[in-house]
J.: 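Mind having a look at this structure? Questions to follow.
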Number of protein chains: 2
Amino acid sequence: MTVTIYDVAREAGVSMATVSRVVNNNPNVKPQTRKKVYEAIERLGYRPNAVARGLASKKTTTVGVVIPDISNAIFAEVARGIEDIANMYHYNIILCNADKRKEKEIRVVNTLLEKQVDGLLFMGGAVTDEHLQAFKTANVPVVLCATTDEHGVIPSVDINHEEAAYDAVRTLIANGHRRIAMISGTLQDPSNGYARFHGYKRAIEEAGITYDESLVRTGNYRYESGVEAVKYFLELPERPTAVFAATDEMAIGAIHSIQDAGLKVPENISVISVDNSRMASMVRPQLTTVAQPMYDIGAVSMRLLTKLMKKEAVEQAKVILPHEVITRNSVGGAV
Amino acid sequence: MTVTIYDVAREAGVSMATVSRVVNNNPNVKPQTRKKVYEAIERLGYRPNAVARGLASKKTTTVGVVIPDISNAIFAEVARGIEDIANMYHYNIILCNADKRKEKEIRVVNTLLEKQVDGLLFMGGAVTDEHLQAFKTANVPVVLCATTDEHGVIPSVDINHEEAAYDAVRTLIANGHRRIAMISGTLQDPSNGYARFHGYKRAIEEAGITYDESLVRTGNYRYESGVEAVKYFLELPERPTAVFAATDEMAIGAIHSIQDAGLKVPENISVISVDNSRMASMVRPQLTTVAQPMYDIGAVSMRLLTKLMKKEAVEQAKVILPHEVITRNSVGGAV
DNA sequence: CTGTTAGCGCATTCAA
DNA sequence: TTGAATGCGCTAACAG
């Protein structure tokens, strides 16, 4: 039924070793026989079996990608960066959603390892000792992608979330704002949650503003939680003049919530966030936000992984990509 | 270095066949020996090699997914549906972006087949004879996902794009509109382009409105092209009272373009589209649009594929999922 | 219930 | 430049 390398060998009147050589572009083959082999391949419609090749060579040219949720625009962008570079280096990716849930993350890492991936790109929540344990039993390189590792032992690619949040809040302060609210993520999330919150707090305190707990609400990164947080802020005895949201989506919810209350952005309340997703320029007013280069994070981490897989020397095993505040129209001077 | 099934067998004092049985949950093993084997596995840190298993069993429990662009929210949603169901049936997915480009599509289908995927989920542009040829050489089932096949020979899951567009335009007509513009996709795209355009045309003509070429602009599905199309419409001697956009994103561009011109939606111009992406409720006014159940399209097509892979009988090899117009606030009565 | 024996399709020595 | 032989780690008869 299936035509194998052996069938091709017989058809071409050579040995299977020779067929293997031409299929793998080994230069040690006389052009003439190479031609014969190609013709036989064509005639038989031979298609190399990558599984057999994988078993024999111990390389699968596929990498595993653990991602929180591919339907989230931010991660989808990272995934595209990963796949483009993977493709460029002739790797395929096996994609697994793990929803930042530890058990699921560990589980998919193990099945990926069973499938003998040549490397692992991990995008998740907190990196625990159990994660480290799982990574250690892998005999293949692992790189963390858009994921902070407190231990700092695994190669990683990310932005500095704390600094990005700090810069966002600084922009607000530079515009004269002092009563600045934050819509945060959960503090259990090291990057989008904890780090961004601390960037906010540091900026506030450095500016001599006393931290006010009632000005911080925890959201779930989604639009609706931005809407809800602002409803709460507007009922405060003294409402904020600016809002810093941990993600674009919550910021957009915030903007609409403000507008629904009959107020204007940025005339009455300014809004800034971190992400610079495509949606940021698809709202009115367009959102001022700190650009997080998601595609590049994916691309760079995949590139790093290829080097690791080839055992090439890498200068930097922990790369921090630059962020940048993108000024649009959602931030104005304090009233 | 790597511990194999043979090592486990020796450690547990049984044969490799027995180890294989317990690993594969074969009931024909005495509980006692099963226990011994589990202990040996634990002690040695044995991890089954799926590649070897794949070679021996001729099954890889992975399916190939060809997708236009994972960073596009619509497709990312489909992908999530696919992966959730795949996961449920213990399959993994290899994901390949092909940007609806024929050569790339054919190429990735072939590498996926080399990797011995157990099935193929194809999401692409037009299905040509070359595609069909490639699918035929696959010895595994293929299902088309959100992709129309003029030939109708491959199992598929999609909505009826022509009908969805028709229903959208009908709602406009029901609201008294007669001068209805369309922001279309490219006519080369069978589903989002051609079919939706024809749904528009049919609705128009059935209502006794003469088709006016100057009221149709071709966009590229992105926000910006919605903005541009409306700019053009507003300069027409007689501007439209309603706009039908082939996708949500273009519709949002249209809304903002209308607002930027000092007009109101829906007071001056109504806007409707097809997709019901998450963004639809993240604009003001919230977008009235025809819901296309992307997650379900992914989930159902993956479910169909599992049946095909198990050679189970399937009642329906061509499933059309229902669409539904979601009424929000972007459509009003004609002025 | 358990063990023995063959491959699965290929890469890779080692010789020639 | 080519071929023969071996084994990658496992499943799947088959026999017992």
J.: Side-chain donor-acceptor contacts of residues 112-127 of chain B below 3.5 Å, not counting sequence neighbours, with atom names and distances?
T.:
unit_1: K115(B); atom_1: NZ; unit_2: T60(A); atom_2: O; d: 3.1
unit_1: K115(B); atom_1: NZ; unit_2: T61(A); atom_2: O; d: 2.8
unit_1: K115(B); atom_1: NZ; unit_2: T61(A); atom_2: OG1; d: 3.1
unit_1: K115(B); atom_1: NZ; unit_2: N92(A); atom_2: OD1; d: 3.1
unit_1: D118(B); atom_1: OD1; unit_2: T60(B); atom_2: N; d: 3.0
unit_1: D118(B); atom_1: OD1; unit_2: T60(B); atom_2: OG1; d: 3.3
unit_1: D118(B); atom_1: OD2; unit_2: T60(B); atom_2: N; d: 3.2
unit_1: D118(B); atom_1: OD2; unit_2: T61(B); atom_2: N; d: 2.7

J.: Using the heavy-atom set of chain B and a strict 4.0 Å cut-off, write down the first and last nucleotide of DNA chain C that makes it in, 5' to 3'.
T.: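 Counting from the 5' end, contacts occupy dC1(C) to dG9(C).
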J.: If you look at every strand shown and take non-hydrogen atoms under 4.0 Å, does V23(B) touch a base, only sugar-phosphate, or nothing?
T.: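 Counting heavy atoms under 4.0 Å across all strands, no contact is made by V23(B).
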J.: Do N87(B) and H90(B) have a side chain donor and acceptor closer than 3.5 Å?
T.: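 No pair is found: no donor N or O on one side chain lies under 3.5 Å from an acceptor on the other.
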J.: Please determine whether side-chain contact (heavy atoms from CB on, under 4.5 Å) holds for the pair L321(B) and V157(B), giving the CA-CA distance in whole Å, both sets of side-chain angles, and the decisive distance to 0.1 Å.
T.: CA-CA 7 Å; L321(B) 261 25; V157(B) 178; 4.0 Å; yes
J.: Taking side-chain contact (heavy atoms from CB on, under 4.5 Å) as the test, write out the residues that go with R107(B), two or more places apart.
T.: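 R107(B) satisfies side-chain contact (heavy atoms from CB on, under 4.5 Å) with K104(B) only.
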J.: Let me check the geometry of the helix from dC1(C)-dG16(D) to dA16(C)-dT1(D). What is the bend angle between the axes at its two ends, five pairs each, to 10°?
T.: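 Here the local axes at opposite ends form an angle of 30°.
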J.: Y6(A) OH to dG3(D) C1': how many Å, rounded?
T.: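 Checked: the OH to C1' distance equals 12 Å.
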J.: Would one find a side-chain N or O of T18(A) under 4.0 angstrom from OP1 or OP2 of dG3(D)?
T.: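 Answer is yes, contact under 4.0 Å.
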J.: I want to check one thing: is the phosphate of dC10(D), taken as OP1 and OP2, less than 4.0 Å away from some side-chain N or O of Y46(B)?
T.: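 Yes, Y46(B) has a side-chain N/O under 4.0 Å of OP1/OP2 on dC10(D).
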J.: Nearest whole Å is fine: how far is dG7(D) C1' from L55(A) CG?
T.: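 These atoms are roughly 9 Å apart.
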J.: Are there more than 12 heavy atoms of other residues, nucleotides or ligands under 6.0 Å from atom OH of Y194(A)?
T.: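 Count not over threshold, so no.
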J.: Heavy-atom count around Q32(B) CD within 6.0 Å, excluding the residue itself: above 12?
T.: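 It does not: Q32(B) CD has 12 such atoms or fewer within range.
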J.: Please check if atom NZ in K307(A) has more than 12 non-hydrogen atoms from other residues, nucleotides or ligands closer than 6.0 Å.
T.: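 Yes, the 6.0 Å shell around NZ holds more than 12 heavy atoms from other groups.
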J.: State whether T4(B) places a side-chain N or O below 4.0 Å from either non-bridging phosphate oxygen (OP1 or OP2) of dG9(D).
T.: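 So the side-chain polar atoms of T4(B) never come under 4.0 Å of the phosphate oxygens OP1 or OP2 of dG9(D).
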J.: Tell me which residues in residues 28-40 of chain B put a heavy atom below 4.0 Å from DNA chain C, sorted by number, or none.
T.: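 Those residues are N28(B), V29(B), K30(B), T33(B).
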J.: Under a plain distance cut-off of 3.5 Å, with no hydrogens placed, do T186(B) and Q188(B) share a side-chain donor-acceptor pair?
T.: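 Checked: Q188(B)/T186(B) side chains pair up, N/O donor to acceptor below 3.5 Å.
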J.: Write out a two-atom table: protein N or O, nucleotide N or O from nucleotides 12-16 of chain D, distance below 3.5 Å.
T.:
none

